[in-house]
K.L.:
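Below are the structure tokens for one structure; questions will follow.
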Amino acid sequence: MNTIRAVLFDFDGTLTLPGSIDFMGIKRSIRCPRDVTILEFIGRLQPASARRRAWAILHRFEDEAARRSRPNEGAEDLVRCLKRRRIRRGILTRNRRVSVATALKNFAQVRLADFTVIITRDHVERPKPDPEGVLLAARRLKVKPSELLVVGDYIYDIEAGKSAGARTVFLESEFTTRRPAPPADFSIRSLNEVAGLIDRLNRSRGKAHNASG
Ligand SMILES: [Mg+2]
């Protein structure tokens, strides 16, 4: 097992408190079926005028949600702790960069500049659950995918991480409706558990290394 050198966070519901973005409200407003994902639904809408209208509605929901967003429990401490330990930090989101920037204004101690990479839906052809964004993040963070810990609160985060060959952490909350199958490598209830988890992973790797050396 490789040392964890970087952490790639999902944004909404992971670094921010879950529940601020109203996915069902968005789906109702753009008439997207419940079992179809929003970005993919809008991407296929015809004609182009209907597509533009749907994007505008989505952007309005995202802007409101970003303004309401608050840091998740433990998020600020974790980002600062990773920074102190020189573990690189990235964000991979199906949202837009402007939403991340707006939401981070509600954080007291974490800023955009605390992340080496911020990859949004505008940077990839295929958003999560496709591994494209995770692989791109690993390249930009200058780590191997196997040195990356992907942390997210939705099945797509875990699917994308696993397909890319990263290690994965599923963050559960009262809003969790589906758990990833196959499961994430680790499942946690709070971001406060992540620093200790990285310690254990990196320490056990050190021991294995010493034993074999
Ligand atoms: Mg999320």
Side-chain angles (χ1 to χ4, degrees), residues 6-27 32 34-42 58-59 61-76 78-79 82 89-104 106-107 110 112 114-115 117-124 126-134 136-137 148-164 166-181 183-194 197:
V7 178
L8 183 62
F9 292 99
D10 166 55
F11 193 68
D12 294 295
T14 298
L15 285 176
T16 67
L17 266 184
S20 89
I21 194 154
D22 177 10
F23 290 110
M24 281 305 153
I26 297 170
K27 286 188 171 183
C32 170
R34 287 179 71 106
D35 58 342
V36 178
T37 53
I38 293 164
L39 299 183
E40 289 71 10
F41 174 78
I42 299 178
L58 175 63
H59 292 170
F61 271 92
E62 287 175 335
D63 291 343
E64 281 168 21
R67 280 196 296 272
R68 273 200 310 269
S69 283
R70 293 291 175 268
N72 208 350
E73 183 209 342
E76 301 209 76
L78 173 58
V79 171
L82 296 174
R89 297 136 329 262
I91 291 172
L92 174 60
T93 176
R94 285 167 56 95
N95 208 320
R96 292 170 300 156
R97 187 183 172 94
V98 63
S99 305
V100 176
T102 302
L104 283 180
N106 296 328
F107 284 53
V110 170
L112 275 179
D114 291 320
F115 300 91
V117 299
I118 298 176
I119 294 173
T120 72
R121 65 175 178 242
D122 299 321
H123 299 118
V124 291
R126 296 168 303 276
K128 295 179 280 192
D130 193 280
E132 182 185 342
V134 181
L136 176 62
L148 194 58
L149 193 66
V150 171
V151 182
D153 70 320
Y154 192 57
I155 49 174
Y156 287 175
D157 303 317
I158 305 309
E159 288 172 20
K162 277 186 178 284
S163 307
R167 271 170 286 174
T168 53
V169 180
F170 185 58
L171 177 62
E172 293 196 25
S173 77
E174 60 193 297
F175 293 92
T176 302
T177 49
R178 290 171 67 192
R179 290 183 175 74
D185 297 302
F186 306 95
S187 204
I188 57 173
R189 296 288 308 192
S190 161
L191 290 177
N192 290 324
E193 298 174 54
V194 175
L197 175 63

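Residue numbers count from 1 along this sequence. Quick caveat: nothing in here was measured; it's all calculated off a predicted structure. Computed from heavy atoms alone, side chains included, the values below leave out hydrogens, waters and symmetry copies. When a ligand or atom number is given, it counts from 1 through the structure's own listing order.
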K.L.:
Decide yes or no for Ile158 and Arg179: does some side-chain heavy atom of the first lie under 4.5 Å from some side-chain heavy atom of the second?
P.N.:
no
K.L.:
Could you pull out all residues at least two apart from Glu76 that satisfy side-chain contact (heavy atoms from CB on, under 4.5 Å)?
P.N.:
Pro71, Phe107, Ala108, Gln109, Val110
K.L.:
Sequence neighbours left out, what passes side chain to side chain donor-acceptor pair (under 3.5 Å) with Asn192? Give chain and number order.
P.N.:
Glu73, Ser190
K.L.:
Under 2.8 Å from the Mg ion (ligand 1), how many protein N, O or S atoms can be found?
P.N.:
3
K.L.:
Does any non-hydrogen side-chain atom of Phe115 lie less than 4.5 Å from one of Leu15?
P.N.:
yes
K.L.:
Test of understanding: with ring-ring contact (aromatic ring centres under 6.0 Å, His included), list the residues that count as partners of Tyr154, not counting sequence neighbours.
P.N.:
Tyr156
K.L.:
Do Glu62 and Arg121 sit within salt-bridge range, that is, some charged N less than 4.0 Å from a carboxylate O?
P.N.:
yes
